[in-house]
Amino acid sequence: MPELPEVETTVLDLKNIIGLSINKIKIYRNNIRYPIPKKITTLTKNTSILSIIRIGKYIVIKLNISYSIIIHLGMSGRLKMHYIKDSIIREKHDHAEIFLNNDKKIVFNDPRRFGILDFIKTSSINGYKYFSNQGPDPFDKKFNEKYLFNSISKSKTPIKNILLNQKIVSGIGNIYASEILFDSKISPLLKGMDITKEQNNRLAKSIKRILIIAIKNKGTSFKDHFLIDGTLGNYQNRFKVYNKDGKYIRIGKKRAKIVKIVQSGRSTFYCPYLQRI
DNA sequence: AGACGTACCTGACCGC
DNA sequence: TGCGGTCAGGTACGTC
């Protein structure tokens, strides 16, 4: 599930725990993608939550003890929140639980274990090893048409792969890369160096437009739930190309086919008639 | 320096 | 019903 819109939706859902206290954190499985620091359980007892922000696809929970909790949902991770008294049985792949002082807990569930749960000094966030790969957020002032053009116009890499490069712009993943390129009428195969100014400017707009619409729809839910209360996002109902290979769409008077190709081992969906090189 | 493949892991699905 | 193969929303790391 988790690209920028899904992570943003999760962060927005978490906003109402700001100001609450953490009674304790329980770790049930230490070997997710990276080991979870041991001190997360000892140092977080009776701390309070100062703020929660998103950096790319990462969630940062700042505490009042000069430490922050870092969460990345990987491919299959999600957060759930429910009343402690309602949750007698732990689900499979629940790896950690954060107990709050409002009788609720946040549960970190991640079947594939590509996610991250880390605990770092808040003062070291800027130098945090995984944040050094994070380029500007699509909604950051730094991310504009000029920045995008300068970042991609010398690259031999296909634009689809460029969009997946978090260092150039953070937060876009495999679903939204296809949807954004369809929206901007650009072929996923087009090399960065071959992009025109006009295409570049359309692309910058589409990145923001598609991600905003996705956030308004509370993100994409594939087969599993992802909202913190267990309900579904809606953006999967608005896909134009993702997972729609073989389907036809109307473009003017023409019926145009959506196809699937593979780029760097990952599926790309697009309409070759609309998105010509 | 940049481009590319690989590895990490579970589960769902498909064809035999 | 079972088994093997393929694929899935991400990304760090090794190698050329």
Side-chain angles (χ1 to χ4, degrees), chain A residues 1-11 28-36 54-59 70-79 91-95 108-118 128-135 138 150-181 188-194 210-211 214-215 217-227 232-246 260-269:
Chain A
M1 67 179 145
E3 302 181 34
L4 186 151
E6 292 74 38
V7 179
E8 179 69 13
T9 301
T10 302
V11 166
Y28 300 111
R29 171 146 209 169
N30 207 322
N31 62 337
I32 55 174
R33 176 160 188 173
Y34 303 111
I36 301 166
R54 177 183 60 73
I55 296 180
K57 298 172 193 167
Y58 289 82
I59 298 167
I70 308 286
I71 296 172
H72 191 291
L73 298 173
M75 287 278 258
S76 58
R78 68 185 188 103
L79 298 181
E91 286 185 293
K92 205 173 179 185
H93 309 301
D94 284 351
H95 305 314
F108 177 67
N109 180 286
D110 183 9
R112 293 180 72 180
R113 309 210 301 274
F114 291 162
I116 296 172
L117 179 56
D118 209 351
Y128 183 50
K129 51 189 169 175
Y130 303 130
F131 289 171
S132 60
N133 289 333
Q134 300 299 305
N150 288 340
S151 312
I152 69 180
S153 58
K154 289 187 182 117
S155 172
K156 284 185 285 185
T157 303
I159 189 64
K160 156 74 185 321
N161 294 330
I162 290 178
L163 290 181
L164 292 180
N165 182 345
Q166 305 298 300
K167 207 158 189 167
I168 290 175
V169 53
S170 61
I172 300 171
N174 205 43
I175 289 178
Y176 295 106
S178 283
E179 294 294 323
I180 286 165
L181 287 170
L189 298 163
L190 186 69
K191 292 183 169 87
M193 58 192 290
D194 293 332
I210 294 297
L211 294 176
I215 291 166
N217 281 271
K218 297 186 176 291
T220 295
S221 297
F222 237 21
K223 33 201 159 187
D224 38 358
H225 300 229
F226 84 84
L227 296 185
L232 296 172
N234 296 308
Y235 196 74
Q236 66 280 6
N237 301 319
R238 302 181 69 130
F239 285 169
K240 296 285 204 302
V241 289
Y242 189 82
N243 246 347
K244 290 190 178 289
D245 47 318
K260 170 182 163 176
I261 57 172
V262 175
Q263 295 177 281
S264 296
R266 310 205 67 192
S267 296
T268 302
F269 301 88

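In what follows, every chain begins at residue 1, and chains take the letters A, B, ... in the order their sequences are listed. Only heavy atoms go into these numbers, but all of them, side chains included; no hydrogens, no water, no symmetry mates.
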Could you tell me how far apart [X] ([atom1]) and [N] ([atom2]) are, to the nearest whole angstrom?
X      : N      : atom1 : atom2 : value
A:F269 : C:dA8  : CZ    : C1'   : 10 Å
A:N31  : B:dA7  : CG    : C1'   : 16 Å
A:R112 : C:dT6  : CZ    : P     : 15 Å
A:K156 : B:dA1  : NZ    : P     : 15 Å
A:M75  : B:dA7  : CE    : C1'   : 13 Å
A:K160 : B:dA3  : NZ    : P     : 16 Å
A:L73  : B:dC9  : CG    : P     : 19 Å
A:R54  : C:dG10 : CZ    : P     : 14 Å

### Task
Hey, which sits more toward the 5' end of DNA chain B by its nearest nucleotide, A:K92 or A:N161?
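The 5'-side residue here is A:N161.
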### Message
Need to verify one output field. Residue with the more 5' nearest nucleotide on DNA chain B, A:P111 or A:S155?
### Response
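It is A:S155, whose closest nucleotide lies nearer the 5' terminus.
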Atom of [X], atom of [Y] and distance for their closest heavy-atom approach:
X      : Y      : answer
A:K191 : A:K156 : CG-O, 3.4 Å
A:Y242 : A:E179 : N-OE2, 2.8 Å
A:L4   : A:P138 : CD1-CD, 3.7 Å
A:E91  : A:N109 : CB-ND2, 4.4 Å

Has [X] got a side-chain N or O lying under 4.0 Å from the OP1 or OP2 atom of [N]?
X      : N     : answer
A:T157 : B:dA3 : yes
A:H93  : B:dC9 : no
A:S267 : C:dA8 : yes

### Task
Pick base, sugar-phosphate or nothing for A:K154, based on heavy-atom distances below 4.0 Å to the nucleic acid.
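Touches nothing.
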### Message
As a test of reading the structure: which of C:dG10, B:dA3, B:dT10 is closest to the side chain of A:R113, going by heavy atoms?
### Response
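Out of C:dG10, B:dA3, B:dT10, the nucleotide with an atom closest to A:R113's side chain is B:dT10.
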### Query
Quick one: CD1 on A:I162 to OG1 on A:T157, what's the gap to the nearest 0.5 Å?
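Reported value, rounded in 0.5 Å steps: 5.5 Å.
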### Task
Measure from the ring centre of A:F222 to the centre of the six-membered ring in the base of C:dA8, then say whether that distance is under 5.5 Å and the planes meet at under 30°.
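Here A:F222 fails the 5.5 Å or the 30° condition.
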#### Entry: Intra- and inter-strand pairs of DNA chain C in dot-bracket (Watson-Crick or G-U wobble, both distances under 3.5 Å; | for another strand)
.|||||||.|||||||
### Task
Indicate yes or no for a side-chain donor-acceptor contact from A:K160 to the backbone of A:S267 under 3.5 Å, with no hydrogens or angles considered.
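Yes; at least one donor-acceptor contact below 3.5 Å.
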### Task
For A:Q166 and A:G56, indicate whether the former's side chain and the latter's backbone hold a donor-acceptor pair under 3.5 Å.
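Side chain of A:Q166 to backbone of A:G56, a donor-acceptor pair under 3.5 Å: no, none is there.
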Given the [atom1] atoms of [N] and [M], what is the spacing between them in whole Å?
N     : M     : atom1 : answer
B:dT6 : C:dT6 : P     : 14 Å
C:dG9 : B:dA3 : C1'   : 24 Å
B:dC9 : C:dC3 : P     : 23 Å

### Query
Nucleotide by nucleotide, 5' to 3', does protein get under 4.0 Å of the base (B), only the sugar-phosphate (S), or neither (-) in nucleotides 11-16 of chain C, counting heavy atoms?
BS----
### Task
Answer whether the closest heavy-atom distance between the side chains of A:Y128 and A:I55 falls below 4.5 Å.
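In short, these two side chains do not touch, never coming nearer than 4.5 Å.
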#### Entry: Donor + acceptor pair across side chains of A:Y58, A:S170 (<3.5 Å)
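There is no such pair (donor and acceptor under 3.5 Å, judged by atom type) between the side chains of A:Y58 and A:S170.
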#### Entry: Enclosure of A:K218 NZ (heavy-atom neighbours >12, cutoff 6.0 Å)
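Not more than 12 within 6.0 Å, no.
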